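Residues: numbered from 1 along the sequence shown. Source: prediction; values computed, not measured.
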Amino acid sequence: MLTAFARAFKTPDLRKKLLFTLAIIVVYRVGTHIPIPGVDYRNVQTCIDNAQANQGLFGLVNMFSGGALLQITIFALGIMPYITASIILQLLTVVIPRLEALKKEGQAGTAKITQYTRYLTIALAILQGTGLVATARSGALFQGCPVASQIVPDQSIFVTITMVITMTAGTAAVMWLGELITDRGIGNGMSILMFISIAATFPSALWAIKKQGSLAGGWIEFGTVILVGLVMVGLVVFVEQAQRRIPVQYAKRMIGRRSYGGTSTYIPLKVNQAGVIPVIFASSLLYIPALIAQFAGGKSEWKTWIEQHFVKGDHPYYIISYFLLIVFFAFFYVAISFNPEEVADNMKKYGGFIPGIRAGRPTAEYLSYVLNRITWPGSLYLGLIALVPTMALVGFGANQNFPFGGTSILIIVGVGLETVKQIESQLQQRNYEGFLR
């Protein structure tokens, strides 16, 4: 990986792309530290310094925003609205025929779907920004903080609207920065910004574990967490690269005097075909009961039961529910993202077949059978990786933003691998010597 970056810096056009990407990252990180108007920054910092500040309900969104959510900055919402909008559009593509037709139109249809994603991102940003401002005004953003209700001193309508507009504009700016990286930089812009947001929280989270440790001044716990992180990174890299290659043979066709086809290729089916989406779905769904209980007034038996079983991540009910939801969403997402019948029809149209399997429906049934078999280990792997923060809660007394958690490691390793592959492919194109040397 380091060799690829070193070679890229020696190539003039790739060096410009890398420097441009770094410049956009700097702008993004600066924006995550600029508070929005109407917020008392001192009270926010007081609540953040509180021991319970990072254990609230908004840990996942705060991680995706690089810590900007709890600081209530102009980039507080980060790229979460765009991620949510992209997932919603991807799910609706299976349900709405118009979107499915646009997806099949190629580049023009993809551009239209991207435009719909932008509109939905702005709508979600307005909705989430309003919810964040209302939560901050009520003092529920930082539970247990004595000055939580004084974060927004002026609670007038004008100030509230200004705060929502500022955060919505910040989300639009983040979306624009991501598209700039995609067009003029290296890698997928949104993935790079997500990578930076998560990586930015690592140093503070690791140092917090060191300060909370009791063995050799906390260095034993610190070193153990580093070793666990390295093992997890190696495991994630191994599984993310693992795939089942289904051979495909294309028959020869004579058109005039020319022969077409007759080549051999394969269909790569990844063990973790769903990526990190099931973990995000399961985490978001488990936040709903805690969110309802948080905003419910008074004391009741159901509220007390939810607070005891589904607010803290170390309870057996929470662990079992989290694991089962991840397994379910892994199968669900694979089922809607990979259509064996469509793949079989395309193969049949172009004269392709799997050796030993008849074209058409038998091919679709075979692909579905193989996909179900490899999804089982992939879903179990996702569930086990996602439970690492829960084990850390018990073993080290860490918060729910444990630095080497399942979601963060999966995203960082996945984005890192894809970015390095793209750099290597561009280097190969520029250094291709051809057949004659």
Side-chain angles (χ1 to χ4, degrees), residues 86-87 90-91 93-94 100 103 188 191 231-250 263-285 319-350 352-388 405-422:
S86 301
I87 293 174
Q90 193 169 3
L91 295 177
T93 302
V94 185
E100 187 176 0
K103 185 179 179 181
N188 182 279
S191 299
V231 172
M232 284 189 60
V233 169
L235 174 64
V236 170
V237 170
F238 177 76
V239 178
E240 290 297 321
Q241 297 289 87
Q243 57 183 222
R244 168 74 183 274
R245 295 182 175 182
I246 299 179
V248 177
Q249 182 74 34
Y250 285 91
T263 58
S264 298
T265 182
Y266 60 87
I267 302 175
L269 295 180
K270 296 179 63 177
V271 173
N272 181 22
Q273 190 81 6
V276 73
I277 300 298
V279 180
I280 297 176
F281 277 8
S283 302
S284 302
L285 195 61
I319 296 173
I320 295 173
S321 302
Y322 192 28
F323 184 83
L324 293 179
L325 282 174
I326 290 175
V327 174
F328 168 76
F329 281 121
F331 279 91
F332 173 76
Y333 188 77
V334 169
I336 66 172
S337 61
F338 186 90
N339 189 351
E341 294 182 359
E342 182 179 353
V343 175
D345 291 339
N346 290 334
M347 289 171 55
K348 186 177 181 180
K349 184 188 302 182
Y350 294 102
F353 62 93
I354 300 175
I357 307 294
R358 293 181 60 185
R361 186 174 182 83
T363 299
E365 293 177 351
Y366 176 76
L367 290 175
S368 179
Y369 169 74
V370 174
L371 194 63
N372 286 332
R373 291 194 65 182
I374 67 173
T375 303
W376 271 113
S379 61
L380 296 178
Y381 145 81
L382 281 177
L384 293 176
I385 290 293
L387 290 178
V388 169
T407 309
S408 57
I409 287 295
L410 287 169
I411 292 175
I412 283 182
V413 173
V415 175
L417 288 174
E418 290 300 322
T419 305
V420 171
K421 286 180 181 178
Q422 188 167 358

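- Atom-to-atom distance recorded for Ile320:CD1 and Leu325:CG is 12.0 Å, nearest 0.5 angstrom.
- With rounding to the nearest 0.5 Å, the separation of CZ in Phe338 from CD1 in Ile267 is 6.0 Å.
- Note: Met347 CE to Ile354 CD1 = 4.5 Å, rounded to the nearest 0.5 Å.
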Under 3.5 Å donor-acceptor pairs involving side-chain atoms of residues 358-366, not counting sequence neighbours:
| residue | atom | partner | partner atom | Å |
| --- | --- | --- | --- | --- |
| Arg361 | NE | Glu365 | OE2 | 3.3 |
| Thr363 | OG1 | Arg358 | O | 2.6 |
| Tyr366 | OH | Arg244 | NH2 | 3.3 |

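- Residues passing the side chain to side chain contact (heavy atoms under 4.5 Å, CB included) test with Asp345: none are found, sequence neighbours excluded.
- Interatomic distance, Ile319 CD1 to Leu387 CG, rounded to the nearest 0.5 Å: 6.5 Å.
- Here salt bridge (charged side-chain N to carboxylate O under 4.0 Å, His left out) pairs that include residues 264-285, with residues two or more places apart or in two chains, are Glu240-Lys270.
- A search for ring pair (Phe, Tyr, Trp, His ring centres under 6.0 Å) contacts involving Tyr333 returns nothing, not counting sequence neighbours.
- For the pair Val279 and Ala386, the tightest heavy-atom approach, listed with the atom from each and the gap, is CG1-CB, 4.3 Å.
- Every residue was checked against the side chain to side chain contact (heavy atoms under 4.5 Å, CB included) condition with Phe328, not counting sequence neighbours, and none meets it.
- Partners of Tyr266 according to the side chain to side chain contact (heavy atoms under 4.5 Å, CB included) rule, which considers only residues two or more places apart in sequence or in another chain, are Gln243, Arg245, Pro268.
- Looking at heavy atoms from C-beta onward, Val415 lies in side-chain contact with Ile411 at the 4.5 angstrom threshold.
- Taking CD1 from Ile326 and OG from Ser321, the interatomic distance works out to 11.0 Å, rounded to the nearest 0.5 Å.
- Annotation: side chain of Phe329 is not in contact with side chain of Leu382 (no heavy-atom distance under 4.5 Å).
- Counting only residues at least two apart or in different chains, salt bridge (charged side-chain N to carboxylate O under 4.0 Å, His left out) contacts with residues 370-385 are absent.
- Under the rule for a ring pair (Phe, Tyr, Trp, His ring centres under 6.0 Å), Tyr381 has no partner lying at least two apart in sequence or in another chain.
- With sequence neighbours left out, the side-chain hydrogen bond (donor to acceptor under 3.5 Å, both in side chains) criterion links Glu342 to no other residue.
- Applying the salt bridge (charged side-chain N to carboxylate O under 4.0 Å, His left out) test to every pair with at least one member in residues 324-336, sequence neighbours left out, gives no pairs at all.
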Open item on the list: One pair to check against side-chain contact (heavy atoms from CB on, under 4.5 Å): Leu417 and Gln241. What are the steps and the verdict?
Closed with: CA-CA 9 Å; Leu417 288 174; Gln241 297 289 87; 3.8 Å; yes
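- Taking CG from Leu384 and OG from Ser379, the interatomic distance works out to 9.5 Å, rounded to the nearest 0.5 Å.
- Here Leu380 pairs with Phe323, Val327 under the side chain to side chain contact (heavy atoms under 4.5 Å, CB included) rule; sequence neighbours left out.
- Taking the salt bridge (Lys or Arg N to Asp or Glu O under 4.0 Å) definition, one finds that Glu100 meets it with Lys104, sequence neighbours left out.
- The closest side-chain heavy-atom distance from Leu235 to Ile385 is below 4.5 Å.
- Residues Leu91 and Phe332 are in side-chain contact: their nearest non-hydrogen atoms beyond the backbone lie under 4.5 Å apart.
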TODO: Show your working on side-chain contact (heavy atoms from CB on, under 4.5 Å) between Gln422 and Asn188 and close with a plain yes or no.
DONE: CA-CA 10 Å; Gln422 188 167 358; Asn188 182 279; over 6 Å; no
